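Data first, discussion second: the structure below is written as structure tokens.
Just so it is clear, the structure is predicted and the values come from calculations on it, not from any experiment.
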Amino acid sequence: MRSLAGQVFLLQLAVVVLLVAAALIALVVQVRRDTMADAQHRTLAAAQAFAHSPGMLEALDSRDPSAVLQPRAEAARKAAGVDAIIVYTLDGITLTHSDPRQIGKHIIGPYAEAAAGKPFTRTFRGSLGLSVVSAVPVKDTHGSVVAVVAVPVTVGTVQQGVRRQLPVLIGGAVGALAVAAGGAGLVSRRLRRQTHGLGPVEMTRMYEHHDAVLHAVREGVLIVGGDGRILLANDEARRLLDLPQDAERHHVAGLGLEGDLAEVLASDRPATDEVHLAGDRLLAVNKRLTAPRGPVGSVVTLRDTTELRALSGKAELARERLRLLYEAGVRIGTTLDVTRTAEELAEAAVPTFADVVTVELRDPVLHGEEPSGASTEMRRTAAVGLEGDHPLYPVGKLIRFAATHPIAAGVASGRAVLVRELSACDGWRAQDPERAQRVLDFGIHSLVLVPLRARGVLLGMAHFWRTSASPPFEEEDVSFAEELTARAAVCIDNARRYTREHAMAVALQRSLLPRGLPELPALEVAYRYLPARAGVGGDWFDVIPLSSARVALVVGDVVGHGLHAAATMGRLRTAVHNFSVLDMPPDELLARMDELVAQIDAEEADTGNGPGITGATCQYAIYDPTSGRVAVATAGHPGLAMVHPDGTVAFPSVPISPPLGLGAGLPHESAGLTVPEGSRMVLYTDGLMADRDLDAGLESLRTALTGPDRDPETTCAAVIEVMLPTQPKDDIALLVARTRRLDRTQIAEWEVPRDPAAVAPVRAACVRRLTEWGLEQLALTAELILSELITNAIRYGAEPITVRLLRERTLIYEVSDGSSTTPRLRLAKVTDEGGRGLFLVAQFTERWGTRYTPTGKVIWAEQSLHEGGPPTAEGIGEDLLDRWDDTAG
């Protein structure tokens, strides 16, 4: 019913119903009117006919008028179809009545007119409803009124005939209504089919849209029939195609259009943004077929792209430039390497913007320094777009640009310089005429030079070159080159500053790490230290010679990166060196380190000067070549690996204590191992296991270490090759030490009773052994040193007392006893009888010291085998006397 056809049907149906209802109402009103008139006429006619009937006067003059008139009145009533024929005398006595009981009664009624000789008709409402009564006078021969005849009739009596006709009237009205409704339905159905069921609002909107398409739309619209004839053309289509006013119903081939355009319009194929020429206009044609949704044909839209095409070309270029800038922002600066950033700038501009790009940077920038001034001396750092033998300066060459070169103008102004045609630029050719000619012969013909500036500092220049395959640079290209270069300059400056800071941190770290490894008789050592790419860290290692040919191997790690981690590493390494001088066992040394780190953390937390060093780990191992024993302790660090001489790999179980600073005063544990000669001990930091599960990392390390006997250097290379991550995120410290044993012939040992008389036999035995070793020149000094050390042990120590000589690169004296009393070097007074023996020991040995053992202590001293000659008895005496004299003075 919302459709136009439905609403028309309802309107037609309503009109028919109203017409039929109006007709019925008018008919009923007319019938009622006619009924009243008929009732009036009927009563009046009946009254007049009965009043003037023959014998009326005679009946009135008779002795019983009612007997004569009553039958006649009933017969006349029935014939006339009225309710009654009543005859009244002038005094109101009823002579006839339809109800015989009323005869002879006196009535009062409006009969004055009739008694006066004038007939009348009245309408009244009685007990039987609406009635009509007519009264006619009866006159004698003299014209005098002798009686009155009244004839009443009810309207209902008269309407009985009308009621019998009413069904016929209603049936006719219904029939007329049905016929009218059917006709309206047929009309509405045809109308719905023609309007496609649209409502009036849609019809109005369609008309408005149709009018807008015809006259207001600034795009040509054509509707072409299946036979190729124009069915509709709006004003814009007429203008674009120069169509005549009567173009509708004409075939497109007869409108004088271009051949390809006429072919597209007449064909049955769709088209999307096809560009065709129409006169001097360039039209974009879109065509869609109307079938199967509509009749066979097509709808064509035409758009004038003559000016838009030029604008779209510029817009496309702008979009391409924006896309290139976005991609350059993503591609440039992915690393903090100055050279790589310069290469990324060149790669981002080739080949979309330029055919060749070269980047020249000032030498201080490449070394992380900030350049000063505005020099034109630069080093070519990157070149992209060149293949084979080319005439441009190679990468790495230091170029001194002449004052006439365009680059000098760019350096002075800080702005880009455009050289549309290189062949016409004399200043550029003057730099190197021969090379310039080869560049032109190579096909390079246009150039844009852009300074690389950041924070007001000139870092270098970027050269954008175009070859014969591309048009020369224009002014709009300069702004793009400046924008691209400005972004790259910031990245290069960031990389430069990072390079400077990284170089400083690396220098600090290198200065804190061992400069080289000492030559050790006990171990053959090799190492690898690889700093993380993100910055220096706190990984460190050390090889520390100890007394009695023993060696300490240390590997540590400070969590974090940067200068603080490197400085912290240096502090810890120094502390380990200082504690190692005291000949502490590994567990005791780590306990001291734990206390030190906790103290440093507490101090820095109180002052708020730093983040502390919580998180440092350390592994400390001592190897004794005389016994092949290794004592190792670990504080939060990965355990060591042991490669046996047969090539098998084991990971000894070593107690692991908490990291340094987190031990909370708890004791540290150490483990003792006996390793065969030729075994390789491998110590490392956790950077070697980066990005690996611990079990998988250990298995990979096992694979790298397993194999035939290799020297430590080869072992380091094999481990790094297998274990090095692609992008190291943490430092890696690797230390490999192959063990050696001292030959038993290089060791001499004696048990000494606690008796002063035992000093001479032991001293004599030691001299004999020195003679066997070919060191008889050291016998006098050895006797003096041993005498002092053994006598000191007998006098102040406890049993058991042992003397041991070790012949290695030095001659090592060891005197051990069961006491933990530590001898001290002091200045003896003139009156003192003792206290001068350690002066002699210190005078004639390179170094001496004391170390503690689980059963006591060991006093040791080392004497060089080669430096200087053996002292004489006179020299020893004079030296001793000199010291006494110095003391006395």
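A salt bridge links Glu370 with Arg455: the closest approach of a Lys/Arg side-chain nitrogen to an acidic carboxylate oxygen falls below 4.0 angstrom. Under the 4.0 Å criterion applied to side-chain N and carboxylate O atoms, Glu713 and Arg528 are assigned as salt-bridge partners. Under 4.0 Å is where a charged nitrogen must lie from a carboxylate oxygen, and between Asp337 and Arg340 no such pair does. Ionic pairing of Arg420 and Glu475 is present here: one or more N-O contacts between side-chain nitrogen and carboxylate oxygen are shorter than 4.0 angstrom. We find that Asp711 and Arg738 are not joined by a salt bridge, their nearest charged nitrogen and carboxylate oxygen being 4.0 Å or further apart.
Crowding of Asp441 atom CG: a count of heavy atoms from other residues, nucleotides or ligands under 6.0 Å exceeding 12. Counting non-hydrogen atoms of neighbouring residues, nucleotides and ligands closer than 6.0 angstrom, the CZ atom of Arg323 exceeds 12 such neighbours.
Distance CG/Leu735 to OG1/Thr715: 11.5 Å, rounded to 0.5 Å. Considering OG1 of Thr706 and CD of Glu699, their distance stands at 8.0 Å, rounded to 0.5 Å. Summarising the geometry, atom CG belonging to Leu640 is positioned 9.5 Å from atom CZ belonging to Phe651; distances are rounded to the nearest 0.5 Å. The line from CG of Leu386 to OG1 of Thr467 is 10.0 Å long, rounded to the nearest 0.5 Å. Atom CZ of Phe541 is separated from atom CZ of Arg573 by 8.0 Å, given to the nearest 0.5 angstrom. Distance OG/Ser423 to CD1/Ile444: 13.0 Å, rounded to 0.5 Å.
The two atoms that bring Val384 and Glu343 nearest to each other are CG2-O, 4.2 Å, heavy atoms only. In terms of heavy atoms, Gly385 sits closest to Val356 at O-CG2, 3.7 Å. Minimum interatomic distance between Thr341 and Ala495 (heavy atoms only, all atoms of both residues): OG1-CB, 4.1 Å. Taking both residues in full, the closest heavy atoms of Leu458 and Pro451 are given as CD1-CB, 3.8 Å, listed atom of the first, atom of the second, then distance. Counting all heavy atoms, side chain and backbone alike, Lys287 lies closest to Arg269 at CD-O, 3.4 Å. Shown here for Ala641 and Leu701, the closest heavy-atom pair between the two residues is CB-CD2, 4.5 Å.
Taking 4.5 Å as the limit, some side-chain heavy atom of Val597 sits within range of a side-chain heavy atom of Leu572. At a threshold of 4.5 Å between non-hydrogen side-chain atoms, the residues Leu283 and Arg303 do not count as touching. By the 4.5 Å heavy-atom criterion applied to side chains, Leu530 and Leu724 are counted as neighbours. The shortest side-chain heavy-atom distance between Val330 and Tyr326 falls under the 4.5 Å cut-off. Using a 4.5 Å cut-off on side-chain heavy atoms (C-beta onward), Trp540 and Asp731 make no contact. You'll find the side chain of Leu459 reaches within 4.5 Å of the side chain of Val457, heavy atoms only. Taking 4.5 Å as the limit, some side-chain heavy atom of Leu345 sits within range of a side-chain heavy atom of Leu484. At least one side-chain heavy atom of Tyr684 sits less than 4.5 Å from a side-chain heavy atom of Pro638.
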Point to revise | Pair Leu392-Thr358, side chain to side chain contact (heavy atoms under 4.5 Å, CB included): steps then yes or no | key: CA-CA 9 Å; Leu392 296 179; Thr358 59; 4.2 Å; yes
Exercise for review: Assess whether side chain to side chain contact (heavy atoms under 4.5 Å, CB included) is satisfied between Leu553 and Leu523, documenting all intermediate values.
Suggested key: CA-CA 10 Å; Leu553 301 175; Leu523 295 173; 3.8 Å; yes
Exercise for review: Determine, stepwise, if the pair Met378 / Met461 fulfils side chain to side chain contact (heavy atoms under 4.5 Å, CB included).
Suggested key: CA-CA 8 Å; Met378 302 179 187; Met461 296 290 289; 3.5 Å; yes
Check your understanding: Can Val448 and Glu482 be said to form a side chain to side chain contact (heavy atoms under 4.5 Å, CB included), step by step?
Key -> CA-CA 10 Å; Val448 172; Glu482 289 179 330; over 6 Å; no
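Under the 3.5 Å distance criterion, with hydrogens and angles disregarded, no donor-acceptor pair is assigned to the side chains of Thr376 and Arg400. With 3.5 Å as the limit, one finds a donor-acceptor pair spanning the side chains of Glu344 and Thr334. Under 3.5 Å, the side chains of His577 and Asp542 contain a donor-acceptor pair of N or O atoms. Side-chain contact, Ser470 with Asp355: a donor N or O sits under 3.5 Å from an acceptor N or O. In this model, no donor atom of one side chain and acceptor atom of the other lie less than 3.5 Å apart for Asp539 and Tyr529.
The salt bridge (Lys or Arg N to Asp or Glu O under 4.0 Å) test with Glu360 singles out one residue from Lys397, Arg380, Arg379, and that residue is Arg380. Of the listed residues (Leu705, Val555, Val649), just one forms a side chain to side chain contact (heavy atoms under 4.5 Å, CB included) with Val682, and that residue is Leu705.
Looking at Tyr527, its side chain never comes within 3.5 Å of a backbone N or O of Ala737 through a donor-acceptor pair. Under the 3.5 Å distance criterion, the side-chain polar atoms of Arg497 are left unmatched by any main-chain donor or acceptor of Glu369. Checking side-chain atoms of Arg288 against main-chain N and O of Ala271 turns up a donor-acceptor pair under 3.5 Å. Under a 3.5 Å cut-off, the side chain of Thr634 and the backbone N or O of Gly636 do not form any donor-acceptor pair. Between the side chain of Thr352 and the backbone N or O of Ala349, no donor-acceptor pair lies under 3.5 Å. Counting only distance, with no hydrogens or angles, the side chain of Asp493 and the backbone of Val490 share no donor-acceptor pair below 3.5 Å. Side chain of Thr685 to backbone of Asp557: no donor-acceptor contact under 3.5 angstrom is found. For Arg453 (side chain) and Gly456 (main-chain N/O), a donor-acceptor pair under 3.5 Å exists by modelled atom type. Remark: the backbone N or O of Ala718 is not paired with any side-chain donor or acceptor of Arg710 at under 3.5 angstrom. Side chain of His445 to main chain of Glu421: no donor-acceptor pair is present (N/O by atom type, distance under 3.5 Å, no hydrogens or angles).
With a 6.0 Å cutoff to the six-membered ring centre and a 45° limit on the axis angle, Arg466 counts as a cation-pi contact of Phe473.
His463 and Phe401 have parallel rings, their planes meeting at less than 30° on a 0 to 90° scale where 60° marks the start of perpendicular.
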